[in-house]
Protein chains: 2
Amino acid sequence: MGVVRKTKSVDLLLDQFKSGSEAISVIELVDRLSSKLNKTTIYRVLNNLEDDGVLHSFLGVNSLKWYAKCSGCSKTKHSDIHPHFQCTVCGKVDCLPVKMTIPEIPTHDVKSIQVLINGACTNCRA
Amino acid sequence: MGVVRKTKSVDLLLDQFKSGSEAISVIELVDRLSSKLNKTTIYRVLNNLEDDGVLHSFLGVNSLKWYAKCSGCSKTKHSDIHPHFQCTVCGKVDCLPVKMTIPEIPTHDVKSIQVLINGACTNCRA
DNA sequence: TTTGTTATTGCAACTGAGTTCTAATAAATT
DNA sequence: AATTTATTAGAACTCAGTTGCAATAACAAA
C-alpha cells in the first residue's frame with residue numbers, strides 16, 4: 001500500500017518527526033494528536049509511512065511500539081540499521097548513529113537485526 | 001521475590017526447558033500446560049524463575065514474551081548475554097551461542113543490550 | 001504428627017495496546 | 001461538477017498480560 005494521497009493526517013504525523021533522531025511511541029502520538037486524529041488513523045498512517053521507507057518501527061520496553069525517521073530508505077529497500085537506546089530513567093528512546101553490521105551466523109540465514117540498548121541517557125546519567 | 005518453595009508448578013515449568021537452547025513463548029507454555037496450571041500461575045512462576053537467574057525473557061515479533069534457560073546467571077547477576085534468532089518461517093526462537101560485547105556509547109551509559117535477529121533457521125532455509 | 005504461618009495457586013474480572021468492520025468523507029482524476 | 005476510490009472516524013472487538021481475593025499447600029516449629 002503505502003501513502004498515496006497527501007492528507008491532513010500524514011502532514012500532522014510527519015510534523016512530529018521533523019526534528020532530531022528521537023523516537024516516539026505510538027501511545028505518545030495518540031496522546032498528542034487525539035484531538036485532531038482518530039487512534040485508528042494514526043496506527044494506519046504510521047504503518048503506511050513505514051511501508052514507504054519514511055519511518056521505521058521497533059518495540060521498546062513493555063512491548064510498546066515506537067517509530068522514528070528513516071534515513072536513506074525507500075519503498076523497496078530498508079537499509080537504515082542502527083541500535084535504539086531506551087533510557088530506563090526517563091523512558092525516552094534515541095536512534096544511535098552507530099553503524100551496525102549484520103553478523104554472520106553459519107547455521108542461520110540472517111535477514112534483519114534489531115538492537116535495543118538500555119541504560120541512562122545523556123540527560124539522566126548522574 | 002524469586003522461587004522459595006518446591007511446587008508442582010515450578011517442576012512442570014522447568015521440565016519444559018530441560019532440553020536444548022530453544023526459547024518458548026508464554027503463549028505456548030500456557031497452551032501446553034493449560035490443563036494442569038492456571039495462566040496466572042504460569043506468568044507468576046516464570047517471573048520468579050527469571051528473578052532467580054534460572055530463565056531469561058525477551059520480546060519476539062508481535063511483542064510476544066519468550067523465555068529461555070539462563071546459563072551462568074544467579075539471583076544477583078545476569079551475565080548470559082546473547083542474541084536471539086527468530087525464524088520468520090516457522091516462528092521458532094533460538095538462543096545463539098555467540099558472545100556479545102556491550103558496545104561503548106560515549107554519550108550514553110549502557111546497562112544492558114537485547115539483540116533480536118530475524119531470518120530463516122537451519123530447518124527452514126531452502 | 002499436628003498446628004500455625006505464609007507463600008503459592010485458581011478463578012474471575014479487569015486493563016490497554018493494537019485491530020477489524022463499516023459507513024461517511026475527501027483526495028485526485030475526468 | 002461528477003465520479004472514483006483511498007482515507008478517515010467511530011464503535012466494537014481481540015487477546016496478551018495483570019490484579020484482587022479467597023482457597024490451598026509447602027514448610028517450619030512444637
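By convention in this document, chain letters (A, B, ...) are assigned in the order of the sequence lines, proteins followed by strands, and residues within each chain are numbered from 1. Quick caveat: nothing in here was measured; it's all calculated off a predicted structure.
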Could you work out, with side chain to side chain contact (heavy atoms under 4.5 Å, CB included) as the rule, every residue matching A:Q16, not counting sequence neighbours?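 Testing A:Q16 for side chain to side chain contact (heavy atoms under 4.5 Å, CB included), a comparison that skips the adjacent residues, returns A:I24, A:L29, A:R32, A:L33.
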Nucleic acid contacts of residues 30-40 of chain A, taken as heavy-atom distances under 4.0 Å to DNA chain D: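 Hits under 4.0 Å, by residue number: A:K36, A:L37, A:N38, A:T40.
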Between D:dG10 (C1') and A:Y43 (OH): distance, integer Å: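 So the OH-C1' distance, A:Y43 to D:dG10, works out to 16 Å.
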Using a 4.5 Å cut-off on heavy atoms from C-beta on, say whether the side chain of B:L59 contacts that of B:L64.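 No - every pair of side-chain heavy atoms lies 4.5 Å or more apart.
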So A:C95 and A:H84, side chain to side chain contact (heavy atoms under 4.5 Å, CB included) or not? Walk me through it. CA-CA 5 Å; A:C95 292; A:H84 295 108; 3.6 Å; yes
Mind listing the closest non-hydrogen atom pair of B:I117 and B:P83 along with its distance?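 Nearest heavy atoms, B:I117 then B:P83: CD1-CB, 3.9 Å.
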I need the single residue from B:Q114, B:H82, B:K69 that forms a side chain to side chain donor-acceptor pair (under 3.5 Å) with B:H56. Which is it?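 Result: among B:Q114, B:H82, B:K69, B:H82 is the only option passing the side chain to side chain donor-acceptor pair (under 3.5 Å) with B:H56.
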Within residues 62-70 of chain A: residues closer than 4.0 Å to DNA chain C (heavy atoms):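 A:S63, A:L64, A:K65 - these, ordered by number, are the residues of the stretch whose heavy atoms sit under 4.0 Å from the strand.
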Does B:L59 or B:R44 map to a spot on DNA chain D nearer the 5' end, using the closest nucleotide for each?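 Result of the comparison: B:L59.
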Any side-chain N or O of B:T7 below 4.0 angstrom from OP1/OP2 of D:dA26?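 It does not, given that no N or O in the side chain of B:T7 lies less than 4.0 Å from OP1 or OP2 of D:dA26.
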Selected nucleotide, minimal atom distance to B:R5 side chain, candidates C:dG18, C:dT6, D:dT8: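 Out of C:dG18, C:dT6, D:dT8, the nucleotide with an atom closest to B:R5's side chain is C:dT6.
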Determine, step by step, whether B:F85 and B:C121 satisfy the side chain to side chain contact (heavy atoms under 4.5 Å, CB included) criterion, reporting the C-alpha distance in whole Å, the side-chain angles of both residues, the deciding distance to 0.1 Å, and the verdict. CA-CA 8 Å; B:F85 185 97; B:C121 72; 4.3 Å; yes
I'd like to know if A:D15 pairs up with A:K18 as an ion pair, taking the criterion as any Lys NZ or Arg NE/NH1/NH2 lying under 4.0 Å from an Asp or Glu carboxylate oxygen.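 A salt bridge links A:D15 with A:K18.
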